[in-house]
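Naming convention: chains lettered A, B, ... in sequence-line order (proteins, then strands); numbering from 1 in each chain.
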Amino acid sequence: MSRILITSALPYINGVKHLGNLAGSMLPADVYARAMRLLGHDVLYICATDEHGTPAELAAQGAGVEVADYCDQMHEAQKSAGEDFGLSYDYFGRSSAPSNHALTQDFAAKLEAAGLIEERVSQQIYSNADQRYLPDRYVEGTCPNCDFEGARGDQCDSCGKLLDPIDLIDPYSAVSGSKDVEVRETRHLYLRQSVMADDLRKWVEGHKSDWPPLATSIALKWLDEGLRDRAITRDLKWGIPVLRDGFEGKVFYVWFDAPIAYIAATQDWATETGGDWASWWRTDAGADDVQYVQFMGKDNVAFHTLSFPTTIIGTNNQGGDQYKLVDNLKAFNWVTWYGGKFSTSQNRGVFMDQAISIAPSDYWRWHLMANAPEGSDAAFTWEEFQSSVNSDLANVLGNFVNRITKYTVGKFDGVVPSTGEAGEHEAWITQELAERLPALIGHYEAREFRKAAEQTRAIWAAGNEYLTRSAPWTHYKTDVDQAAIGVRTGLNLVALFGIIAQPLIPDAAAKILDAIGVPEENRSWDFGDVADLLDALPHGLAVTPPELLFTKIEDEQVAQWTEQFGGETA
RNA sequence: GGUGGGGUAGCUCAGCUGGUUAGAGCGCAGGACUCAUAAUCCUGAGGUCGUGAGUUCAAGUCUCACUCUCACUACCA
């Protein structure tokens with residue numbers, strides 16, 4: 001048994017996330033957490049909402065509520081959306097929690113003592129009308145290179161050139177449209193990542209063999225370009241206050257405090273449950289044997305491989321509390337919408353709350369993991385979604401459960417038959433499982449989700465092949481015992497299929513296991529001898545065909561969803 | 001512009017350190033079966049592995065150039 005700490009990238013507070021966010025961090029983290037629990041490991045799965053930053057303030061302003069109230073509401077909305085998808089967090093915290101305020105300020109103080117924080121003055125656009133400093137992206141104006149009039153402060157959408165907002169001609173606030181903006185000097189704290197570059201490179205290069213290439217290549221790219229110091233404070237009201245003379249009214253940058261919230265949320269979990277957070281995070285307090293796994297989309301990699309590790313290593317170098325660095329970092333590409341981008345404004349794409357309103361969470365979980373964006377971006381299409389659900393879930397798994405349980409009721413009084421001896425067909429399926437079950441576990445341990453789903457499906461399909469081979473309905477006419485062994489093996493396969501399906505489709509798996517009468521304590525992945533698995537159910541145990549496990553998606557629904565949410569032609 | 005990922009069957013994707021006839025699922029065609037959600041099982045057709053050169057006994061896999069696409073490019077997060 002191992003202790004496994006799992007975090008998924010914190011969903012940002014300004015709205016319920018779309019399927020791409022779900023597929024790229026929260027869902028795989030949950031599937032991994034469930035699989036590891038089934039394997040008997042001690043798992044702690046932590047997530048939280050990321051609540052600070054300019055977009056949160058503006059979203060609250062747009063909604064006409066105080067930002068704290070806005071965050072309260074959206075935190076609950078996201079928590080509930082996560083629950084709807086069966087995300088099995090041990091704790092779903094908040095980056096705005098008091099624990100994170102204290103811990104972030106504590107980290108900052110230690111980094112300061114380590115000489116890793118430096119005060120610098122920079123120039124920033126201030127909008128008098130909005131009474132706020134504007135991040136580069138919120139300043140627009142005329143591009144100094146191509147005269148395009150709608151250029152953003154960070155980049156011109158017309159000529160593609162990277163810009164400095166100070167260079168824009170006729171700049172205006174993208175928030176209010178006001179041209180009453182000026183350049184002001186402002187003082188900020190910088191995290192001296194540059195002095196940590198060699199340590200970081202050594203650490204990242206040491207993980208070339210056990211992190212996805214996506215993760216190491218992005219981190220090394222930044223290091224190759226020369227790691228620059230990064231401002232870790234902002235001129236905002238909402239956030240974690242900077243305790244320093246002259247920094248009244250300033251807060252820490254959201255990307256400084258958000259990853260620290262992984263730890264703070266664990267503290268909140270401990271407070272709520274009586275657990276010991278330090279034993280999960282601090283190597284000087286018993287966390288040496290913890291394996292820490294992070295899940296995130298590719299946009300988050302730099303922060304998790306460079307900035308946050310700088311915070312951790314810098315703090316550790318001060319002596320005192322010793323925090324864990326990530327051991328395994330699983331980075332995902334994007335789920336795209338028919339090869340293009342998700343877009344709220346253009347009505348393209350599906351958000352979590354909408355998704356759950358049109359199809360059960362298992363359907364989404366299965367499709368998104370069977371097509372996870374692991375090697376490259378993965379295109380979501382309604383047609384593929386329909387195909388996944390109808391073929392894999394309804395036809396291969398659902399029909400298997402249905403055919404054998406109904407036959408049991410029809411011919412064997414609805415109980416597990418006790419007669420018949422295992423023969424060549426049982427030997428065949430035993431051999432199949434002896435090869436496939438370890439492969440399945442291996443894929444989960446390696447966090448290869450597409451392959452795990454593929455192997456799961458292959459095991460289900462092998463069950464159908466077994467039934468074709470053993471054909472109890474043929475033998476029933478001449479040799480009931482021969483039919484009985486086929487039915488008994490088939491019913492045990494149903495139980496096994498439910499057991500292996502749990503990480504991906506927990507709701508359907510529970511229905512199957514309930515129908516076949518498998519008690520909770522027998523649902524783990526402690527497999528042992530495969531031959532025993534095929535005669536595990538007590539003889540005479542009553543089974544009932546479950547209600548329809550998966551309803552097929554009709555072409556008309558696909559047409560309607562395409563219309564409603566956008567699709568190919570949008 | 002720079003850097004990184006990707007470009008493999010009609011579609012969505014696997015192919016580790018280069019090695020016999022390039023794989024899977026879906027879709028398609030034919031057959032089998034009839035217990036089952038017109039499901040399942042078997043068989044088959046389909047690819048000059050983005051383009052062009054190079055290294056090698058051998059290249060989807062390594063090198064170079066080009067091209068398309070996505071991402072990042074440090075004050076969006």
Side-chain angles (χ1 to χ4, degrees), chain A residues 9-14 50 52-56 58 122 124-125 133-139 152-155 159-162 165 186 188 193 212-214 217-222 224-225 227-231 233-235 253-255 258 297-303 306-307 331 333-334 336 339-341 370-381 383-384 386-388 390-392 394-396 398-408 410-411 448 450-451 453-454 457-458 461 463-469 471-474 476 483 486-487 490 545 548-552:
Chain A
L10 308 185
Y12 195 65
I13 195 70
N14 68 341
D50 177 13
H52 298 136
T54 305
L58 294 178
S122 64
Q124 191 75 20
I125 303 280
Y133 283 92
L134 297 172
D136 293 359
R137 213 161 271 215
Y138 291 92
V139 185
R152 290 200 321 267
D154 55 343
Q155 184 167 27
C159 67
K161 278 243 166 45
L162 294 179
T186 179
H188 282 297
Q193 302 182 127
L214 184 65
S217 65
I218 290 174
L220 291 172
K221 179 204 85 173
W222 283 62
D224 288 344
E225 289 177 355
L227 198 58
R228 281 185 261 155
D229 299 335
R230 188 185 274 272
T233 55
R234 291 289 185 275
D235 291 292
Y253 174 40
V254 53
W255 260 115
K298 58 185 171 184
D299 56 329
N300 280 344
V301 168
F303 295 101
L306 304 169
S307 311
N333 289 281
W334 300 122
T336 64
K341 289 178 186 173
N371 298 282
E374 291 179 312
S376 64
D377 290 352
F380 176 90
T381 69
E383 293 76 11
E384 292 282 333
Q386 176 189 31
S387 165
S388 287
N390 291 359
S391 173
D392 301 342
N395 292 348
V396 174
N399 179 57
F400 179 83
V401 173
N402 193 50
R403 66 194 293 206
I404 191 67
T405 50
K406 277 196 176 159
Y407 191 74
T408 304
K411 304 289 188 186
E448 297 271 8
R450 272 178 184 266
K451 288 177 180 169
E454 186 182 3
R457 195 203 115 97
N464 280 309
E465 187 177 347
Y466 165 76
L467 278 190
T468 299
R469 286 169 181 252
W473 48 87
T474 303
Y476 188 80
V487 169
L548 197 66
L549 286 167
F550 306 102
T551 311
K552 286 191 195 178

Complementary nucleotide for B/A29 - Watson-Crick or wobble, under 3.5 Å: B/U43
Phosphate OP1/OP2 of B/A24: any A/Lys451 side-chain N/O under 4.0 Å: no
Sugar-phosphate only, base, or nothing, as touched by A/Arg457 at under 4.0 Å among non-hydrogen atoms: sugar-phosphate
Check: A/Glu465 side chain, B/C41 base, donor-acceptor under 3.5 Å: no
A/Pro55 and A/Tyr12, any side-chain heavy atoms less than 4.5 Å apart: yes
Between B/C26 (P) and A/Glu454 (CD): distance, integer Å: 11 Å
A/Asp392 CG - B/U40 C1' separation (whole Å): 14 Å
Euclidean distance for C1', B/U69 against B/U51 (whole angstrom): 15 Å
Sugar-phosphate, base or nothing in reach of A/Tyr253, heavy atoms under 4.0 Å: base
Sugar-phosphate, base or nothing in reach of A/Ala378, heavy atoms under 4.0 Å: sugar-phosphate
pair A/Ser388-A/Asn371: side-chain heavy atoms closer than 4.5 Å: yes
Ring geometry between A/Trp473 and A/Tyr407 (parallel below 30°, tilted from 30 to 60°, perpendicular above 60°): perpendicular
Closest listed nucleotide, where the reference is the side chain of A/Asn464 and the choices are B/C76, B/C41, B/A39: B/C41
Whole-Å C1' distance, B/G5 and B/C13: 15 Å
Whole-Å P distance, B/U48 and B/U8: 13 Å
Sugar-phosphate, base or nothing in reach of A/Glu384, heavy atoms under 4.0 Å: base
Under-3.5 Å donor-acceptor pair between A/Asn399 side chain and B/A36 base: yes
Whole-Å distance separating the CZ atom of A/Phe400 from the C1' atom of B/C35: 11 Å
Distance, rounded to the nearest Å, where A/Asp136 contributes CG and B/A77 contributes C1': 14 Å
Short side-chain donor-acceptor distance under 3.5 Å, A/Thr336 and A/Asp377: no
Strand partner of B/U73, provided both Watson-Crick or wobble distances fall under 3.5 Å: B/G1
Note, A/Arg230 side chain near A/Tyr253 side chain (heavy atom, < 4.5 Å): yes
Sugar-phosphate only, base, or nothing, as touched by A/Lys221 at under 4.0 Å among non-hydrogen atoms: base
Listed nucleotide nearest any side-chain atom of A/Asp154, set B/C76, B/U37, B/U34: B/C76
Sugar-phosphate, base or nothing in reach of A/Asn371, heavy atoms under 4.0 Å: sugar-phosphate
Face-to-face contact A/Trp473 to B/C35 six-ring, under 5.5 Å, under 30°: yes
Nucleotide of B/C33, B/A39, B/C13 approaching A/Ser376 most closely (side-chain heavy atoms): B/C13
Between B/C75 (P) and A/His52 (NE2): distance, integer Å: 18 Å
Touch class at under 4.0 angstrom, heavy-atom based, for A/Tyr476 against every strand present: nothing
pair A/Val487-A/Lys411: side-chain heavy atoms closer than 4.5 Å: no
Sugar-phosphate, base or nothing in reach of A/Leu214, heavy atoms under 4.0 Å: nothing
Rounded interatomic separation in angstrom, taking CZ from A/Arg137 and C1' from B/A77: 9 Å
Touch class at under 4.0 angstrom, heavy-atom based, for A/Ala302 against every strand present: nothing
Closest approach of A/Lys298 to A/Ile218 (non-hydrogen atoms, all atoms of both residues): O-CD1, 3.8 Å
Syn or anti for B/G46 (syn when the glycosidic angle lies within 90° of 0): syn
Sub-4.5 Å side-chain heavy-atom contact between A/Phe550 and A/Asn402: no
Of A/Thr468 and A/Pro373, the one whose closest RNA chain B nucleotide lies more 5': A/Pro373
Touch class at under 4.0 angstrom, heavy-atom based, for A/Trp334 against every strand present: sugar-phosphate
Any A/Arg403 side-chain nitrogen or oxygen under 4.0 Å from OP1 or OP2 of B/C35: no
B/G10 and B/A53, which share atom name P, separated by this distance in whole Å: 24 Å
Phosphate contact (B/C75 OP1 or OP2) by A/Arg234 side-chain N/O below 4.0 Å: yes
A/Ser391 side chain near B/C26 phosphate (N/O to OP1/OP2, under 4.0 Å): yes
Assigned partner base of B/C64, Watson-Crick or wobble definition, under 3.5 Å: B/G52
Touch class at under 4.0 angstrom, heavy-atom based, for A/Phe303 against every strand present: base
Rounded distance in Å - CG (A/Leu549) to C1' (B/U37): 10 Å
Nearest listed nucleotide, side chain of A/Thr474, among B/U37, B/U34, B/C41: B/U34
Sugar-phosphate, base or nothing in reach of A/Gly53, heavy atoms under 4.0 Å: sugar-phosphate
Touch class at under 4.0 angstrom, heavy-atom based, for A/Asn390 against every strand present: nothing
Distance, rounded to the nearest Å, where A/Leu227 contributes CG and B/C72 contributes C1': 15 Å
Span that lies between the P atom of B/G60 and that of B/C42, in whole angstrom: 31 Å
5'-most by nearest nucleotide on RNA chain B - A/Lys298 or A/Ser387: A/Ser387
Watson-Crick or G-U wobble partner of B/A24, both distances under 3.5 Å: B/U12
Whole-angstrom distance between B/U17 and B/A77, as gauged at atom P: 38 Å
Distance, C1' atom - from B/A29 to B/C68, rounded to whole angstrom: 34 Å
Least distance between heavy atoms, A/Asn333 atom then A/Glu374 atom: ND2-O, 3.3 Å
Touch class at under 4.0 angstrom, heavy-atom based, for A/Ser122 against every strand present: base
Pairwise C1' distance for B/G30 and B/A45, with rounding to whole Å: 10 Å
Closest non-hydrogen atom pair, A/Asn395 against A/Ser391: CB-O, 3.3 Å
